[in-house]
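Have a look at the structure below before the remarks.
When a ligand or atom number is given, it counts from 1 through the structure's own listing order. Because the structure is predicted, anything quoted here is derived from the model rather than measured.
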Amino acid sequence: TFNGSWKIERNDNYEKFMEQMGINMVKRKLAAHDNLKIIIEQTGDKFHVKETSNFRTLEIDFTLGVTFEYSLADGTELSGSWIMEGDMMKGVFNRKDNGKQLTTTRIIQGDELIQSYNYEGVDAKRIFKRG
Ligand code: MYR
């Protein structure tokens with residue numbers, strides 16, 4: 001289960017990923033140490049996610065398979081949805097500014113939640129621990 005409180009532990013290739021997203025160096029440096037924490041509450045196919053970081057606090061509600069809007073901390077707007085495939089959450093989102101696709105997955109591995117990202121050929125991971 002994804003339910004619970006997750007704190008960022010480490011990143012893998014996240015700087016390169018943000019660079020591919022077109023995020024400038026100053027913002028990348030700040031974002032690499034954003035102290036991201038997500039609290040996930042799943043009830044059936046409905047999710048409530050509370051996100052807090054150095055940048056902002058926000059709450060997101062979505063239903064698996066249903067398109068919703070989400071803005072990144074720098075204001076970039078995305079539209080897309082999550083589905084569940086076995087034990088994996090799979091998200092497909094499109095940037096509203098250029099139409100390009102960002103894909104992401106979440107999986108629990110041991111005591112970690114691993115979120116993977118892909119944008120225009122660049123992969124990254126953010127790894128969370130409960131806390
Ligand atoms: C959630 O489930 O937490 C809310 C929806 C997340 C949407 C997709 C997340 C993509 C985040 C990409 C971060 C890129 C930063 C450059």
Do Trp82 and Thr104 have side chains that approach each other closer than 4.5 Å (heavy atoms only, starting at C-beta)?
yes
Give yes or no for whether the N/O distance cutoff of 3.5 Å, strictly under, is met between Thr104 and ligand 1.
no
Side-chain donor or acceptor of Asn13 paired with backbone N/O of Lys16 under 3.5 Å:
no
Pairs involving residues 103-119, ordered by first then second residue, that meet salt bridge (charged side-chain N to carboxylate O under 4.0 Å, His left out) (sequence neighbours left out)
Arg10-Glu112, Asp111-Lys129, Glu112-Lys129
Under 4.0 Å between a side-chain nitrogen and a carboxylate oxygen: does that hold for Lys46 and Glu41?
no
Answer yes or no for Arg95 and Tyr117: cation-pi contact, defined as NZ/CZ to six-membered ring centre under 6.0 Å and angle to ring axis within 45°.
no
Answer with yes or no whether Phe62 contacts ligand 1, where contact means a heavy atom under 4.0 Å from a ligand atom.
yes
Side chain, backbone, both or neither: which part of Ile23 has a heavy atom under 4.0 Å from ligand 1?
side chain
Which pairs pass ring-ring contact (aromatic ring centres under 6.0 Å, His included) with one or both residues in residues 94-113, sequence neighbours excluded?
none
Distance to 0.1 Å, residue and atom name: give those for the protein heavy atom nearest to atom 10 (C) of ligand 1.
Leu102 CD2, 4.0 Å
Could you give the distance from CD (Glu59) to OG1 (Thr52), rounded to the nearest 0.5 Å?
10.0 Å
Counting from 1 in the order shown, the ligand 1 atoms closer than 4.0 Å to a non-hydrogen atom of Met18 are 16 (C)
Show the atoms of ligand 1 that are less than 4.0 angstrom away from any heavy atom in Phe93.
7 (C), 8 (C)
Close side-chain approach of Phe17 and Asn11, heavy atoms under 4.5 Å:
no
Tell me which part of Arg106 gets within contact of ligand 1: side chain, backbone, both or neither, using heavy atoms under 4.0 Å.
side chain
Which segment of Tyr14 sits under 4.0 Å of ligand 1 when only heavy atoms are counted:
side chain
Return the CG to NZ distance between Asn54 and Lys37, rounded to the nearest 0.5 Å.
13.0 Å
Protein heavy atom at shortest distance from atom 12 (C) of ligand 1:
Tyr117 CE2, 3.6 Å
For the side chain of Gln42 and the backbone of Gly44, is there at least one donor-acceptor N/O pair under 3.5 Å apart?
yes
Could you tell me if any non-hydrogen atom of Ile38 lies under 4.0 Å from any atom of ligand 1?
no
Which protein non-hydrogen atom lies closest to atom 14 (C) of ligand 1, naming both residue and atom, and how far is it?
Phe17 CE2, 3.6 Å
Is it true that Glu51 lies under 4.0 Å from ligand 1, counting heavy atoms only?
no
Mind checking whether Phe68 contacts ligand 1 via backbone (N, CA, C, O), side chain (CB onward), both or neither, at a 4.0 Å heavy-atom cut-off?
side chain
For atom 9 (C) of ligand 1, find the nearest protein heavy atom and state the residue, atom name and distance (0.1 Å precision).
Tyr70 CE2, 4.1 Å
Counting heavy atoms only, which part of Trp82 comes closer than 4.0 Å to ligand 1: side chain, backbone, both or neither?
side chain
